[in-house]
Amino acid sequence: MTDDDASSRTQQAGGLLEDTSAPFYTIGQVAEILGMQPPALRRLDEQAIVSPERSEGGQRRYSHDEVQRLREVLELTEEGVTLPGIRKVLELRQQVDELKEEVAELKGQ
DNA sequence: TTTCTCACA
DNA sequence: TGTGAGCA
């Protein structure tokens with residue numbers, strides 16, 4: 001049972017942050033969840049597709065947000081998109097997000 | 001025990 | 001992309 005960890009991990013927060021706010025996963029956990037190998041996750045980090053925090057002994061800590069991003073990345077890779085291409089997609093997605101905010105501001109005026 | 005980096009196939 | 005060595 002690998003999905004068990006994710007749910008029990010929320011209880012570990014103590015109830016203060018019981019939601020998906022800031023749970024961190026180890027590279028092994030993320031690999032299990034996404035069904036990929038740890039080296040693959042490291043490649044994604046090296047390619048700047050995800051930027052996990054570093055904790056304690058320099059070990060990667062993936063937030064819930066990173067895992068979601070990884071899910072999107074996996075979809076793209078399965079469609080044949082290369083890592084540089086995915087990086088571009090994420091970059092454009094961010095730009096779209098920023099433009100959406102701009103549009104929202106303009107509408108509000 | 002797990003993860004780290006580096007290197008190789 | 002996956003595996004192994006050697007270390008913390």
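Lettering of chains follows the sequences in order, A, B, ..., and the numbering in each one begins at 1.
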*What is the 5' to 3' range of DNA chain C, first to last nucleotide, that sits under 4.0 Å from any heavy atom of chain A?*
dT1(C) to dT3(C)
_List the residues meeting side-chain contact (heavy atoms from CB on, under 4.5 Å) with Leu74(A), not counting sequence neighbours, and say none if there are none._
Leu34(A), Met36(A), Thr77(A)
*Base, sugar-phosphate, or nothing: which does Leu83(A) touch, judged by heavy atoms less than 4.0 Å apart?*
sugar-phosphate
Please write out the pairs of protein N or O atoms and N or O atoms of nucleotides 4-9 of chain B separated by less than 3.5 Å, giving the distance to one decimal.
{"unit_1": "dC4(B)", "atom_1": "OP1", "unit_2": "Arg60(A)", "atom_2": "N", "d": "2.9"}
{"unit_1": "dC4(B)", "atom_1": "OP1", "unit_2": "Arg60(A)", "atom_2": "NE", "d": "3.1"}
{"unit_1": "dC4(B)", "atom_1": "OP2", "unit_2": "Arg42(A)", "atom_2": "NE", "d": "3.1"}
{"unit_1": "dC4(B)", "atom_1": "OP2", "unit_2": "Arg42(A)", "atom_2": "NH2", "d": "3.1"}
{"unit_1": "dT5(B)", "atom_1": "OP1", "unit_2": "Arg54(A)", "atom_2": "NH1", "d": "3.2"}
{"unit_1": "dT5(B)", "atom_1": "OP1", "unit_2": "Arg54(A)", "atom_2": "NH2", "d": "3.2"}
{"unit_1": "dT5(B)", "atom_1": "OP2", "unit_2": "Arg60(A)", "atom_2": "NH2", "d": "2.1"}

*Kindly state each residue pair satisfying side chain to side chain donor-acceptor pair (under 3.5 Å) with at least one member in residues 99-109 of chain A, sequence neighbours excluded.*
none
*Any side-chain heavy-atom pair from Val96(A) and Leu99(A) closer than 4.5 angstrom?*
no
*Measure the CD1-CG distance between Ile86(A) and Leu44(A) for me, rounded to the nearest 0.5 Å.*
7.0 Å
*Side chains of Leu41(A) and Val50(A) in contact at under 4.5 Å (non-hydrogen atoms)*: no
*Answer yes or no: does a side-chain N or O of Thr26(A) lie under 4.0 Å from OP1 or OP2 of dT2(B)?*
no
*How long is the gap from OH on Tyr25(A) to CZ on Arg61(A), to the nearest 0.5 Å?*
12.5 Å
_Distance (rounded to the nearest 0.5 Å) between Leu70(A) CG and Asp65(A) CG_ = 10.5 Å
*Rounded to the nearest 0.5 Å, what's the gap from OG on Ser51(A) to CZ on Arg69(A)? Could you check?*
7.5 Å
_Residue pairs involving residues 79-98 of chain A (criterion side chain to side chain donor-acceptor pair (under 3.5 Å); sequence neighbours excluded)_ = Glu72(A)-Arg93(A)
_Any side-chain heavy-atom pair of Arg60(A) and Asp45(A) under 4.5 Å_ = yes
*For DNA chain C, what is the dot-bracket line, given that a base pair needs Watson-Crick (N1 to N3, plus N6-O4 or O6-N4) or G-U wobble (N1-O2 and O6-N3) geometry with both distances under 3.5 Å, and | means paired with another strand?*
||||||.|
